[in-house]
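Worksheet for the structure shown next.
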Amino acid sequence: MNYYERPTPLQEQANREAMQHFAEHLNQFKTNCGALHGIECNLSVTANDALKSALRSPGRVIQTDDGTQWQHDVDLSSVTSICHRRTAADLEFAVIECLPLKSREIKEALNSGHNVREVLQAFTRDQRQVLNLWKEDVKAQVKEHLEEKYPRQDMGIVVESFEIKMSRAISETRMQVQSQSRGIRI
Amino acid sequence: METIPKNEAPSVAPPVERLAYSVQEAADMLGVHYFSVYRLIQRGKLKTCHALRGKILVPRTELLKLLETELR
(Lines give C-alpha, C1' and ligand atoms only; values in the text may rest on other atoms or scores of the structure.)
Protein backbone atom coordinates (compact mmCIF):
# COMPACT_ATOMS: atom_id res chain seq x y z
CA MET A 1 0.00 0.00 0.00
CA ASN A 2 1.21 3.46 -0.86
CA TYR A 3 1.84 5.60 2.23
CA TYR A 4 0.32 8.61 0.49
CA GLU A 5 -2.99 6.81 0.00
CA ARG A 6 -5.73 7.88 2.35
CA PRO A 7 -6.01 5.41 5.26
CA THR A 8 -9.29 3.59 5.75
CA PRO A 9 -11.29 4.20 8.96
CA LEU A 10 -10.10 0.81 10.25
CA GLN A 11 -6.47 1.72 9.58
CA GLU A 12 -6.98 5.05 11.34
CA GLN A 13 -8.47 3.27 14.32
CA ALA A 14 -5.59 0.75 14.33
CA ASN A 15 -3.10 3.60 14.17
CA ARG A 16 -4.67 5.39 17.15
CA GLU A 17 -4.76 2.17 19.14
CA ALA A 18 -1.16 1.24 18.26
CA MET A 19 0.04 4.76 19.08
CA GLN A 20 -1.48 4.36 22.53
CA HIS A 21 -0.07 0.86 22.98
CA PHE A 22 3.47 1.87 21.98
CA ALA A 23 3.37 5.40 23.45
CA GLU A 24 5.94 4.57 26.12
CA HIS A 25 8.33 3.10 23.52
CA LEU A 26 7.96 6.15 21.27
CA ASN A 27 8.50 8.60 24.14
CA GLN A 28 11.56 6.73 25.37
CA PHE A 29 12.89 6.57 21.84
CA LYS A 30 12.50 10.32 21.34
CA THR A 31 14.09 11.00 24.74
CA ASN A 32 17.12 8.90 23.83
CA CYS A 33 17.39 10.55 20.41
CA GLY A 34 17.39 13.89 22.23
CA ALA A 35 20.07 12.76 24.68
CA LEU A 36 22.30 11.62 21.83
CA HIS A 37 21.63 14.91 20.08
CA GLY A 38 22.82 16.70 23.22
CA ILE A 39 26.11 14.77 23.24
CA GLU A 40 26.63 15.41 19.52
CA CYS A 41 25.94 19.15 19.87
CA ASN A 42 28.34 19.53 22.79
CA LEU A 43 30.97 17.18 21.44
CA SER A 44 33.77 19.76 21.24
CA VAL A 45 33.02 21.22 24.67
CA THR A 46 32.81 17.75 26.26
CA ALA A 47 36.04 16.67 24.56
CA ASN A 48 37.83 19.80 25.89
CA ASP A 49 36.43 19.24 29.39
CA ALA A 50 37.66 15.65 29.33
CA LEU A 51 41.09 16.70 28.13
CA LYS A 52 41.35 19.41 30.80
CA SER A 53 40.24 16.97 33.48
CA ALA A 54 42.79 14.39 32.34
CA LEU A 55 45.63 16.93 32.48
CA ARG A 56 44.57 18.44 35.80
CA SER A 57 44.39 15.81 38.48
CA PRO A 58 43.73 12.12 38.90
CA GLY A 59 40.00 11.47 39.09
CA ARG A 60 37.96 8.67 40.58
CA VAL A 61 39.34 5.27 39.54
CA ILE A 62 37.10 2.90 37.58
CA GLN A 63 38.34 -0.61 36.95
CA THR A 64 36.78 -2.30 33.91
CA ASP A 65 36.01 -6.02 33.85
CA ASP A 66 39.24 -6.76 31.96
CA GLY A 67 41.24 -5.32 34.88
CA THR A 68 42.23 -2.03 33.23
CA GLN A 69 42.15 1.00 35.51
CA TRP A 70 40.73 4.27 34.20
CA GLN A 71 40.29 7.69 35.74
CA HIS A 72 36.91 9.35 35.50
CA ASP A 73 36.68 12.65 33.60
CA VAL A 74 33.15 13.57 32.43
CA ASP A 75 29.74 11.89 32.73
CA LEU A 76 27.83 11.37 29.46
CA SER A 77 24.76 9.70 30.96
CA SER A 78 23.79 7.87 34.13
CA VAL A 79 25.71 4.79 32.94
CA THR A 80 28.40 6.15 30.60
CA SER A 81 31.35 8.45 31.17
CA ILE A 82 34.59 9.52 29.54
CA CYS A 83 37.66 8.25 31.35
CA HIS A 84 41.36 8.25 30.65
CA ARG A 85 44.49 6.34 31.55
CA ARG A 86 48.15 7.09 31.08
CA THR A 87 50.00 4.86 28.64
CA ALA A 88 53.77 4.83 28.12
CA ALA A 89 53.75 7.70 25.65
CA ASP A 90 50.35 9.34 25.79
CA LEU A 91 46.88 9.51 27.27
CA GLU A 92 44.26 7.01 26.23
CA PHE A 93 40.58 7.96 26.47
CA ALA A 94 37.57 5.69 26.61
CA VAL A 95 33.83 5.83 26.99
CA ILE A 96 33.19 3.50 29.92
CA GLU A 97 29.80 1.98 30.63
CA CYS A 98 28.99 0.92 34.20
CA LEU A 99 25.79 -1.07 33.89
CA PRO A 100 24.30 -2.34 37.15
CA LEU A 101 22.56 -5.65 36.45
CA LYS A 102 20.56 -7.42 39.14
CA SER A 103 23.44 -9.74 40.06
CA ARG A 104 26.54 -7.79 39.13
CA GLU A 105 27.82 -4.67 37.43
CA ILE A 106 29.26 -4.71 33.93
CA LYS A 107 32.12 -2.22 33.53
CA GLU A 108 33.37 -2.03 30.00
CA ALA A 109 35.21 0.34 27.66
CA LEU A 110 32.87 0.89 24.70
CA ASN A 111 35.17 3.05 22.54
CA SER A 112 38.75 4.02 23.16
CA GLY A 113 41.63 5.88 21.52
CA HIS A 114 44.17 8.65 21.98
CA ASN A 115 42.02 11.39 20.48
CA VAL A 116 39.13 12.13 22.83
CA ARG A 117 37.08 13.81 20.10
CA GLU A 118 37.37 10.75 17.86
CA VAL A 119 36.43 8.51 20.77
CA LEU A 120 33.26 10.55 21.32
CA GLN A 121 32.45 10.51 17.60
CA ALA A 122 32.81 6.72 17.51
CA PHE A 123 30.55 6.49 20.56
CA THR A 124 27.80 8.61 18.99
CA ARG A 125 28.03 6.61 15.74
CA ASP A 126 27.51 3.40 17.71
CA GLN A 127 24.58 4.91 19.59
CA ARG A 128 22.91 5.76 16.29
CA GLN A 129 23.24 2.10 15.31
CA VAL A 130 21.58 1.18 18.60
CA LEU A 131 18.70 3.55 17.84
CA ASN A 132 18.28 1.92 14.42
CA LEU A 133 18.24 -1.52 16.03
CA TRP A 134 15.58 -0.27 18.46
CA LYS A 135 13.55 1.21 15.59
CA GLU A 136 13.58 -2.06 13.64
CA ASP A 137 12.52 -4.00 16.73
CA VAL A 138 9.61 -1.65 17.49
CA LYS A 139 8.54 -1.87 13.85
CA ALA A 140 8.45 -5.68 14.13
CA GLN A 141 6.53 -5.44 17.41
CA VAL A 142 3.97 -3.07 15.87
CA LYS A 143 3.56 -5.47 12.94
CA GLU A 144 3.04 -8.41 15.28
CA HIS A 145 0.60 -6.46 17.45
CA LEU A 146 -1.49 -5.37 14.46
CA GLU A 147 -1.56 -8.83 12.90
CA GLU A 148 -2.90 -10.23 16.17
CA LYS A 149 -5.51 -7.49 16.64
CA TYR A 150 -6.54 -7.09 13.02
CA PRO A 151 -5.97 -10.46 11.35
CA ARG A 152 -6.08 -10.57 7.55
CA GLN A 153 -6.25 -6.75 7.33
CA ASP A 154 -3.65 -4.74 5.46
CA MET A 155 -2.01 -2.58 8.15
CA GLY A 156 1.14 -1.81 6.18
CA ILE A 157 0.34 1.90 6.19
CA VAL A 158 0.23 1.93 10.02
CA VAL A 159 3.55 0.10 10.34
CA GLU A 160 5.04 2.49 7.80
CA SER A 161 3.84 5.54 9.71
CA PHE A 162 5.58 4.24 12.86
CA GLU A 163 8.77 3.68 10.94
CA ILE A 164 8.60 7.19 9.49
CA LYS A 165 8.05 8.74 12.95
CA MET A 166 11.05 6.95 14.41
CA SER A 167 13.30 7.56 11.40
CA ARG A 168 12.35 11.21 11.58
CA ALA A 169 13.28 11.36 15.27
CA ILE A 170 16.73 10.00 14.39
CA SER A 171 17.31 12.11 11.28
CA GLU A 172 15.95 15.37 12.72
CA THR A 173 18.54 15.32 15.48
CA ARG A 174 21.26 14.51 12.92
CA MET A 175 20.18 17.40 10.67
CA GLN A 176 20.19 19.78 13.64
CA VAL A 177 23.71 18.68 14.57
CA GLN A 178 24.97 19.12 11.01
CA SER A 179 23.36 22.56 10.74
CA GLN A 180 24.79 23.69 14.05
CA SER A 181 28.25 22.45 13.15
CA ARG A 182 28.03 24.63 10.02
CA GLY A 183 26.81 27.56 12.08
CA ILE A 184 23.33 27.48 10.55
CA ARG A 185 20.46 28.13 12.92
CA ILE A 186 17.21 26.36 12.16
CA MET B 1 -23.38 -45.96 37.59
CA GLU B 2 -21.68 -42.81 38.57
CA THR B 3 -18.05 -43.02 39.43
CA ILE B 4 -17.00 -41.20 42.50
CA PRO B 5 -14.03 -38.98 41.77
CA LYS B 6 -10.97 -39.91 43.74
CA ASN B 7 -9.76 -37.34 46.18
CA GLU B 8 -6.54 -36.61 44.38
CA ALA B 9 -4.42 -33.55 44.66
CA PRO B 10 -5.13 -31.25 41.73
CA SER B 11 -2.56 -31.79 39.05
CA VAL B 12 -0.43 -28.72 38.70
CA ALA B 13 1.33 -28.40 35.40
CA PRO B 14 4.99 -27.60 35.83
CA PRO B 15 5.76 -24.01 34.87
CA VAL B 16 6.87 -23.85 31.29
CA GLU B 17 10.36 -22.45 31.03
CA ARG B 18 10.58 -19.90 28.27
CA LEU B 19 13.37 -20.35 25.77
CA ALA B 20 13.57 -16.71 24.75
CA TYR B 21 12.34 -13.29 25.84
CA SER B 22 11.51 -9.96 24.22
CA VAL B 23 13.85 -7.01 24.79
CA GLN B 24 11.44 -5.55 27.35
CA GLU B 25 11.28 -8.83 29.27
CA ALA B 26 15.05 -9.22 29.09
CA ALA B 27 15.44 -5.68 30.46
CA ASP B 28 13.14 -6.52 33.38
CA MET B 29 15.09 -9.69 34.12
CA LEU B 30 18.44 -7.91 34.02
CA GLY B 31 17.12 -4.91 35.95
CA VAL B 32 18.11 -2.31 33.36
CA HIS B 33 16.38 0.00 30.88
CA TYR B 34 15.64 -1.58 27.52
CA PHE B 35 17.91 0.91 25.73
CA SER B 36 20.76 -0.71 27.66
CA VAL B 37 19.64 -4.12 26.37
CA TYR B 38 19.74 -2.84 22.77
CA ARG B 39 23.25 -1.55 23.50
CA LEU B 40 24.32 -4.94 24.84
CA ILE B 41 22.91 -6.54 21.68
CA GLN B 42 24.59 -4.00 19.38
CA ARG B 43 28.03 -4.73 20.78
CA GLY B 44 27.55 -8.50 20.84
CA LYS B 45 27.32 -8.99 24.61
CA LEU B 46 23.88 -10.54 24.13
CA LYS B 47 23.28 -12.81 21.16
CA THR B 48 19.75 -12.76 19.80
CA CYS B 49 17.41 -14.54 17.43
CA HIS B 50 14.38 -13.19 15.62
CA ALA B 51 10.71 -14.10 15.74
CA LEU B 52 8.73 -14.65 12.57
CA ARG B 53 8.02 -10.96 11.98
CA GLY B 54 11.52 -9.84 12.89
CA LYS B 55 11.03 -9.06 16.57
CA ILE B 56 14.24 -9.46 18.57
CA LEU B 57 14.27 -12.35 21.03
CA VAL B 58 16.96 -12.89 23.65
CA PRO B 59 17.57 -16.58 24.45
CA ARG B 60 17.31 -17.48 28.13
CA THR B 61 20.79 -19.05 27.99
CA GLU B 62 22.24 -15.69 26.93
CA LEU B 63 20.59 -13.91 29.86
CA LEU B 64 21.87 -16.53 32.28
CA LYS B 65 25.35 -16.21 30.84
CA LEU B 66 25.25 -12.47 31.39
CA LEU B 67 23.83 -12.65 34.87
CA GLU B 68 26.21 -15.49 35.82
CA THR B 69 23.54 -16.76 38.14
CA GLU B 70 20.58 -19.09 38.10
CA LEU B 71 17.21 -17.43 37.44
CA ARG B 72 14.25 -19.08 39.09
Side-chain angles (χ1 to χ4, degrees), chain A residues 21-22 24-36 65 76-80 95 97-112 122-148 155-156 159 163 166, chain B residues 2-3 5-72:
Chain A
H21 188 86
F22 290 96
E24 165 71 8
H25 255 293
L26 286 176
N27 285 339
Q28 289 288 333
F29 188 79
K30 283 178 186 164
T31 303
N32 280 281
C33 283
L36 179 59
D65 294 343
L76 294 174
S77 72
S78 58
V79 291
T80 52
V95 174
E97 182 180 61
C98 298
L99 191 61
L101 303 182
K102 272 182 182 164
S103 59
R104 68 187 181 109
E105 193 174 28
I106 293 179
K107 288 183 183 170
E108 197 179 16
L110 305 184
N111 307 89
S112 60
F123 172 70
T124 56
R125 259 198 312 274
D126 286 351
Q127 296 315 291
R128 284 202 169 271
Q129 281 181 16
V130 177
L131 289 173
N132 276 312
L133 185 71
W134 187 351
K135 183 191 81 176
E136 289 302 316
D137 191 37
V138 171
K139 187 181 152 191
Q141 287 181 47
V142 171
K143 209 170 169 183
E144 186 183 75
H145 176 79
L146 291 171
E147 281 179 22
E148 278 168 12
M155 291 295 161
V159 177
E163 190 181 10
M166 297 180 89
Chain B
E2 262 184 61
T3 53
K6 287 177 192 168
N7 194 14
E8 287 175 343
S11 61
V12 180
V16 181
E17 207 164 78
R18 297 262 302 274
L19 292 175
Y21 298 88
S22 69
V23 170
Q24 176 68 73
E25 290 167 334
D28 292 342
M29 288 170 80
L30 295 172
V32 296
H33 189 273
Y34 45 76
F35 187 46
S36 295
V37 177
Y38 286 116
R39 280 154 73 153
L40 289 168
I41 294 168
Q42 188 263 343
R43 60 180 201 265
K45 295 283 283 187
L46 266 180
K47 289 187 178 63
T48 60
C49 49
H50 288 85
L52 196 62
R53 294 169 191 88
K55 187 170 101 173
I56 294 174
L57 293 176
V58 184
R60 181 183 169 85
T61 49
E62 284 294 311
L63 289 172
L64 293 178
K65 216 188 289 175
L66 198 69
L67 284 167
E68 289 181 344
T69 182
E70 193 65 33
L71 287 176
R72 291 185 193 281

Take B:E62 and B:K45 through the salt bridge (Lys or Arg N to Asp or Glu O under 4.0 Å) test and state the conclusion after the steps. CA-CA 9 Å; B:E62 284 294 311; B:K45 295 283 283 187; over 6 Å; no
What distance do A:D65 atom CG and A:E108 atom CD have between them, rounded to the nearest 0.5 Å? 7.0 Å
By residue number, those in residues 46-56 of chain B with heavy atoms under 4.5 Å from heavy atoms of chain A are B:R53, B:G54, B:K55, B:I56
If only side-chain N and O atoms count, and only distance matters, is there a donor-acceptor pair under 3.5 Å linking A:N132 with A:E136? no
CG-CG distance between A:L131 and A:D126, expressed to the nearest 0.5 angstrom: 11.0 Å
What part of A:L101 is in contact with chain B, defined as an atom under 4.5 angstrom from a non-hydrogen atom: side chain, backbone, both or neither? both
Pick from A:K139, A:Q127, A:K143 with the largest number of heavy-atom pairs that fall under 4.5 Å of chain B: A:Q127
Nearest-0.5 Å distance, CG of residue A:L99 to CZ of residue B:R39: 7.5 Å
Ring pair (Phe, Tyr, Trp, His ring centres under 6.0 Å) partners of B:Y21, counting only residues at least two apart: none
Flag the pair A:T124 / A:R128 as yes when at least one side-chain heavy-atom distance between them is below 4.5 Å, and no otherwise. no
Quick one: what part of A:E24 sits under 4.5 Å from any heavy atom of chain B, side chain, backbone, both or neither? both
Considering only heavy atoms, which portion of A:T80 lies under 4.5 Å from any heavy atom of chain B: side chain, backbone, both, or neither? side chain
For chain B, which of A:E97, A:E144, A:H25, A:K102 has the most heavy-atom pairs under 4.5 Å? A:K102
B:H33/A:Q28 under side chain to side chain donor-acceptor pair (under 3.5 Å): CA gap, chis, key distance, verdict: CA-CA 10 Å; B:H33 189 273; A:Q28 289 288 333; 2.8 Å; yes
